[in-house]
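Letters go in sequence order (proteins before strands), and every chain restarts at 1. Values reported hereafter were calculated over all heavy atoms of this structure, with side chains retained and with hydrogens, waters and symmetry mates removed.
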Amino acid sequence: MTETLPPRTADLPAQWNPGEVEAGMYQRWVEAGYFTADVGSDKPPFCIVIPPPNVTGSLHMGHAFEHSLIDILVRRRRMQGYETLWLPGMDHASIAVHALVERALAAEGTSRRELGREAFLERTWEWKAEHGGAILAQMRRLGESLDWTRERFTMDAGLNRAVVTIFKRLHDDGLIYRAERMVNWSPEMRSVLSDIEVEHRDVSGELVSIRYGDGADALVVATTRVETMLGDTAVAVHPDDERYAHLVGREIELPLVGRMIKIVADDHVDPSFGTGAVKVTPAHDPNDFEIGRRHNLPMPTIMDESGVITGTGTEFDGMDRFTARVAVREALAAQGRIVAEKRPYVHNVGHSSRSGEPIEPRLSLQWFVRVGPLAQAAGDAVRDGRVAVHPPELEPRWFGWVDNMHDWCISRQLWWGHRIPVWYGPDGGVVCLGPDDEPPGAGWAQDEDVLDTWFSSGLWPFSTLGWPDTTPDLERFYPTSVLFTGYDILFFWVARMMMFGLYAMDGAPPFHTIALHGMVRDQFGKKMSKSAGNTVDPLEWMDRYGTDALRFALARGANPGTDVPVGEDAVAAARNFGTKLWNATRFALGVGADPRLSLPAAPTDADAWILGRLREVREQTDALLEDYQFAKAVEGLYHFTWDELCDWYLELAKVQLADGATADGTRAVLGHVLDALLRLLHPVTPFLTEALWIALTGGESVVVAPWPVEAGAATDVAATARVAAVQELVTEVRRFRTEQRVPDNRRVAARLVGLDEAGLGGHRAAVASMVRLDAPGEGFAPTATLEVALAAGTVHVELDTSGAIDVAAERARLGRDLTAARKELDQADAKLGNPRFVEKAPAEVVEGIRARRGAAVAGIERVTARLAALPPS
RNA sequence: GGGCGCGUAGCUCAGCGGGAGAGCACUCGGCUUACACCCGAGCGGUCGCAGGUUCGAACCCUGCCGCGCCCACCA
């Protein structure tokens, strides 16, 4: 009996053309309101803070990767009935925007300094307005289901209020202070950098040993930065160093400058390194600064903000630091004071991660965050389980960082960003103002410095929800569900958000889970970089293989916290998978498969098996996605679709469809399985599954279809075993055919003996269909017999290969089988012959080995008999 | 110097205590009525090296070799 169903109208083209499928689909989703957060509903909230798309005007592979994975999480949650909300922002991409604007200005023959602060900032706003839309369009092409309707894309203005508020609170709590400290200075940017903006690299420099003083009191010190000797105010030795004990407390003349400097004893000095004497330049070296503080040394600054020597009263004033390095060395050499020169001397030097030049330690007045209590809270939140880190291997890195954090320098001498809300009065007055305070009157001026970009980015999890106001959004979505980002910005961004979130929201962490992904690499595992020339524009692959293929390939490689090598081959393989799914669905539609049909009351073995597998795969997919194991989840769906559904079930279904007794049930099962599978795959391949799901079900959209929670059936062990036996039998016969050089296109008459005894009587037609066997006709004279030993019994396949079999090939094949069986027997005997194994190993393991031994013995007997029966070749 | 991790098939990786796996590549046979972006069969590995624990180790422990990343104020 056939149920009557309303017709399905969607027509599926014969060929999957990603471009055509994607065209207009995203727009339709947006217009249907699928991505609009429904605040105020009683759905559970799922909120995710996302790093901003890069604003440099193009989509990077890294962004395509990260945003695809985030979109998978969000689409699944939406199907599960959550109210989903993204919190995107652009603020911390400001650096990129400003750099681009500066470049544009340079092309126009002007600069930001000529333009002035206000006009420059105006230009950056214009740039964002113009290019923000282009980025948005690219993210949409990627299929990202952002709730753009809430217009959080540009939020700089509202953010300023949050920045000022938290600055004042931290300031009033004594957690922000201003102090003269040794900082990392970038002469090129003429700004301070925080510790994590400094990259340490080995460079080839020089180590120059200089003699200070003359005669018996002379000392030799070594340095890699000779020019700093102009700012020396002491020479330090170790207190226990007997070589210099007599000199401590005396003074010595500083060459070139002529100033008298002290000789001090300090524990910091390593007596075994070099001469054991160290020159001390307190204003230009962190260690020397500490020594200077301990011994109350003068701290003259000898370099200006752009790295030019100044104020030494020597001929070196006005020279760039690198020019001076050579000049000072030559001057010292002329006086015969260079004792030794080691060149090249490889040593570790900090470089600016932004501009690339060596940073210059410099004594300067800056604003700092006292991170002690904040970092402690950030560590505790993970320690006591309020925040989970995925994968957990990255926890030590987190603790190592937050437990040893130095105070954070937050002031920057740049023109862009949020200005420090502190005003200085004419009589030395200092006042920190909140967002609603009136600036003080005449004579007061606001601090010229701006805040580190991570200061404001750290506020996102709550500033984007309306903080400092208590908004419905904030109450509903804070703490957010998960932060999903790359491990590379764990310290830059994640640590800031944790510290500020816990502080501003009274101990509530900004997110329940920190899930970290790796970096996209090329197909050989190499870092993608412009200089290596191995970067790929994701749009290029999207054009060539489709967005679904790119997303599938990226997700398929995404193991938690580890890097993802992706090459064009992987994307092509993903495209092939899409084609496979497309064709399978097309076949299903062609035979009338429909999920709206009732599942059969008496499913066949194949039906029961595939429904059982569907359930297992569905449960496994859920578990893996909950654990951010995208690669395994996607791999599982890939193999289920291709190796089980397409390679076996569809072939078995063809036979069932030809039989009136099983045809309707097959249509129902196939419809059900595909329906659930398309829904499971939708988060990964949204466009493709949308087209297929609508065609298959006649439904409105898979975007809003429920996530499958019931699909499939409990595993039918007996049916599954019979299907496995059929698979084994089919594979064996195919192997025999290939080895006997029977071309695939030739049908062969054959008789299957023992099928009923093995419990596979019902699968005669299926086996015959899958290995292209014809029923034996009259006068059937088999030329070959193949024995296949199955768990339930041995099946003899008698074949008429129409000619003598290839005895040599058969002998070789049987020989391989015999070798394998003997090896198996040897291994089993070795184990069973070991009394301690039999005694100690679990019973089921021992039993398993016994069974394998039995099978091996039977196999050897059978194969040996077959070999003996072969005619001489 | 400290921390984390990796060395498994030609390439990229999964497996992490009981019969060595996947994708791509390669070989052979097939345009079989969903699919040649395909189907079928196959080749290919002393699981970095050396010890140890265990009845049993690619898997656990130790050492060594090679590689990567993060952190770190040694002139």
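- The same atom, P, is picked in U62(B) and in G3(B); the two are 13 Å apart, to the nearest Å.
- For the P atom pair drawn from A9(B) and A58(B), the interatomic distance equals 15 Å after rounding to whole Å.
- Counting any heavy atom pair closer than 4.0 Å across all strands shown, Pro361(A) reaches no nucleic acid atom.
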| Stepwise side chain to side chain donor-acceptor pair (under 3.5 Å) check, Gln15(A) with Asn17(A) | CA-CA 6 Å; Gln15(A) 195 75 35; Asn17(A) 181 328; over 6 Å; no

| remark: Counting primed atoms, P, OP1 and OP2 as sugar-phosphate and everything else as base, the B/S/- map of nucleotides 35-44 of chain B against protein heavy atoms under 4.0 Å is B-BSSSSS--

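- Looking only at side-chain heavy atoms (C-beta outward), Met299(A) and Leu363(A) come within less than 4.5 Å of each other.
- Taking atom P on both C4(B) and G42(B), the two are 45 Å apart, rounded to the nearest angstrom.
- Across the protein-nucleic acid pair, Asp267(A) atom CG and C74(B) atom C1' stand 15 Å apart, rounded to whole Å.
- A75(B) atom C1' lies 8 Å from atom NZ of Lys279(A), rounded to whole Å.
- Annotation: C6(B) and C16(B) have their P atoms spaced 13 Å apart (nearest Å).
- For Asn559(A), taking side-chain heavy atoms from C-beta onward, the closest of the listed nucleotides C71(B), C24(B), A14(B) is A14(B).
- No contact: Phe289(A) has no heavy atom under 4.0 Å from any strand.
- Listed candidates were C4(B), A75(B), U32(B). Nearest to the side chain of His268(A) is A75(B).
- Taking atom CZ on Arg521(A) and atom C1' on U12(B), their separation rounds to 13 Å, with Å as the unit.
- Under 4.0 angstrom from either OP1 or OP2 of U12(B) there lies no side-chain N or O belonging to Lys526(A).
- Asn745(A) comes within contact range of the sugar-phosphate backbone alone, with a heavy-atom separation under 4.0 Å but no base atom that close.
- Of the P atoms belonging to A72(B) and G19(B), the separation is 46 Å, rounded to the nearest Å.
- A salt bridge (Lys or Arg N to Asp or Glu O under 4.0 Å) with Glu824(A) holds for exactly one of Lys831(A), Arg852(A), Arg853(A); it is Arg852(A).
- Relative to the side chain of Glu824(A), the nucleotides G19(B), A34(B), G23(B) differ in distance, and G19(B) lies closest.
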| message | For RNA chain B, please output the secondary structure as dot-bracket, reading 5' to 3'. Pairs are Watson-Crick or G-U wobble, both atom distances under 3.5 Å; mark crossing pairs with [ ], other-strand partners with |, unpaired with a dot. | response | ((((((((.[[[[.)..(..]]]].(((((.......))))).....[[[[[..)....]]]]])))))))....

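- The ring of Tyr487(A) has its center no closer than 6.0 angstrom to the ring center of His517(A).
- Computed from coordinates, the Glu199(A) CD to C69(B) P distance equals 12 Å when rounded to whole Å.
- Other residues, nucleotides and ligands place more than 12 heavy atoms under 6.0 Å from the CZ atom of Arg243(A).
- Between the P atom of G1(B) and the CG atom of Asn348(A) lies a distance of 13 Å, rounded to the nearest Å.
- Judged by distance alone, with hydrogens and angles left aside, the side-chain atoms of Asp548(A) form a donor-acceptor pair with the main-chain N or O of Phe687(A) at under 3.5 Å.
- Leu394(A) comes within 4.0 angstrom of no nucleic acid atom, judged by non-hydrogen atoms across all strands.
- Nucleotides G45(B) and G21(B) have their C1' atoms positioned 11 Å apart, rounded to a whole Å.
- Regarding contacts with the backbone of G19(B), a side-chain N or O of Arg852(A) is found under 4.0 angstrom from either OP1 or OP2.
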